[in-house]
Amino acid sequence: MSSRKLATDPVILEMPAQKMAVLKGVGAPDKVFADLMPALYGSAYTLKFARKKAGLPDFKVGLLRARYPDAHLKPKDQWTIIMGLPIPEDVTALPQKVPGIEVRIETWQYGTVGQILHIGGYDQETPTVQRLQQFIADNGYEIAGAHEEEYLTKPDAKVVKTIIRYPVRKK
């Protein structure tokens, strides 16, 4: 678990850039996630075990993050979804586990972000997102990038927990 403050009240905070193993898909989240997760997690865990075997520092496969750059512009079945897992900064190549699906390395930039902890199903996020967006505006900021979610639990958890996040800048 990260050291970032988790709160059901919205917060503005600073986040460092993070190197990520990344895949991109288009479609409804349930379909895209089901199609791409084996490639993403397969790559991350193969990397983890290869590093361990090579005597390199071990790392914990972190929490899944997903960015939705056009979710506010398109119907759900046409969303662009960019999903990623944090990887160590010294990684320069990723093992590919699923033919035809390339997992890439990207550095996700953050800086100042507004975020909130949503507790409940994904279909119940709208009021939490609206609360975060209002908080961002009320504190003199504007959204400066894509909607991002960090999944603290599995989708079938008894209590689903998701961090909802936006990069922000002062107005």
*Decide, yes or no, whether a salt bridge links Glu106 with Arg104 under the criterion of side-chain N to carboxylate O below 4.0 Å.*
yes
*Do Lys48 and Asp58 meet the salt-bridge criterion of a basic N to acidic O distance under 4.0 Å?*
yes
Qualifying residues under ring pair (Phe, Tyr, Trp, His ring centres under 6.0 Å), relative to [X], sequence neighbours excluded:
X	result
Phe135	none
Tyr122	Tyr151
Trp79	Tyr68

Are the side chains of [X] and [Y] in touch, meaning some heavy atoms are under 4.5 Å apart?
X	Y	answer
Arg131	Asp9	yes
Val113	Tyr141	no
Lys97	Pro38	no
Val168	Asn139	no

Is there a path from [X] to [Y] through hydrophobic residues (I, L, V, M, F, W, Y) whose side chains come within less than 4.5 Å of each other?
X	Y	answer
Leu56	Phe59	no
Leu23	Tyr45	yes
Val91	Leu40	yes
Met15	Leu85	no
Ile82	Val61	no

Are the side chain of [X] and the backbone of [Y] linked by a donor-acceptor contact shorter than 3.5 Å?
X	Y	value
Glu102	Gln96	no
His147	Glu149	no
Ser43	Pro95	yes

*Check the pair Leu94, Ile87 against side-chain contact (heavy atoms from CB on, under 4.5 Å), reporting the backbone distance first and the verdict last.*
CA-CA 10 Å; Leu94 290 170; Ile87 57 174; 4.2 Å; yes
Closest non-hydrogen atom pair between [X] and [Y], with its separation:
X	Y	value
Met20	Gly84	CE-C, 3.5 Å
Thr128	Gln124	OG1-O, 4.4 Å
Ile81	Gly27	CD1-O, 3.5 Å
Pro88	Lys19	O-CD, 3.5 Å
Phe33	Ala66	CZ-CB, 3.8 Å
Leu132	Pro10	CD1-CB, 3.9 Å

*Looking at Arg65, Arg165, Gln115, which one forms a side-chain hydrogen bond (donor to acceptor under 3.5 Å, both in side chains) with Glu148?*
Arg165
*CA sep, side-chain torsions, deciding dist, call: Ile163, Leu63, side-chain contact (heavy atoms from CB on, under 4.5 Å)*: CA-CA 11 Å; Ile163 296 174; Leu63 299 171; over 6 Å; no
[X] [atom1] to [Y] [atom2] distance, which is reported to the nearest 0.5 Å:
X	Y	atom1	atom2	answer
Ile136	Lys171	CD1	NZ	10.0 Å
Leu36	Tyr41	CG	OH	12.5 Å
Ile101	Lys24	CD1	NZ	15.0 Å
Lys170	Glu142	NZ	CD	11.0 Å
Thr162	Ile116	OG1	CD1	11.5 Å
Ile119	Leu152	CD1	CG	9.5 Å

*Got a sec: does the NZ of Lys53 have more than 12 other heavy atoms crowding it under 6.0 Å?*
no
*Carefully, step by step, assess Val26 and Val32 under the rule side-chain contact (heavy atoms from CB on, under 4.5 Å).*
CA-CA 7 Å; Val26 175; Val32 171; 5.8 Å; no
*Checking Arg67 against Trp108: charged group under 6.0 Å from the ring centre and within 45 degrees of the axis?*
yes
*Verify side-chain contact (heavy atoms from CB on, under 4.5 Å) between Val159 and Thr153, making sure each step is shown before the conclusion.*
CA-CA 8 Å; Val159 178; Thr153 58; over 6 Å; no
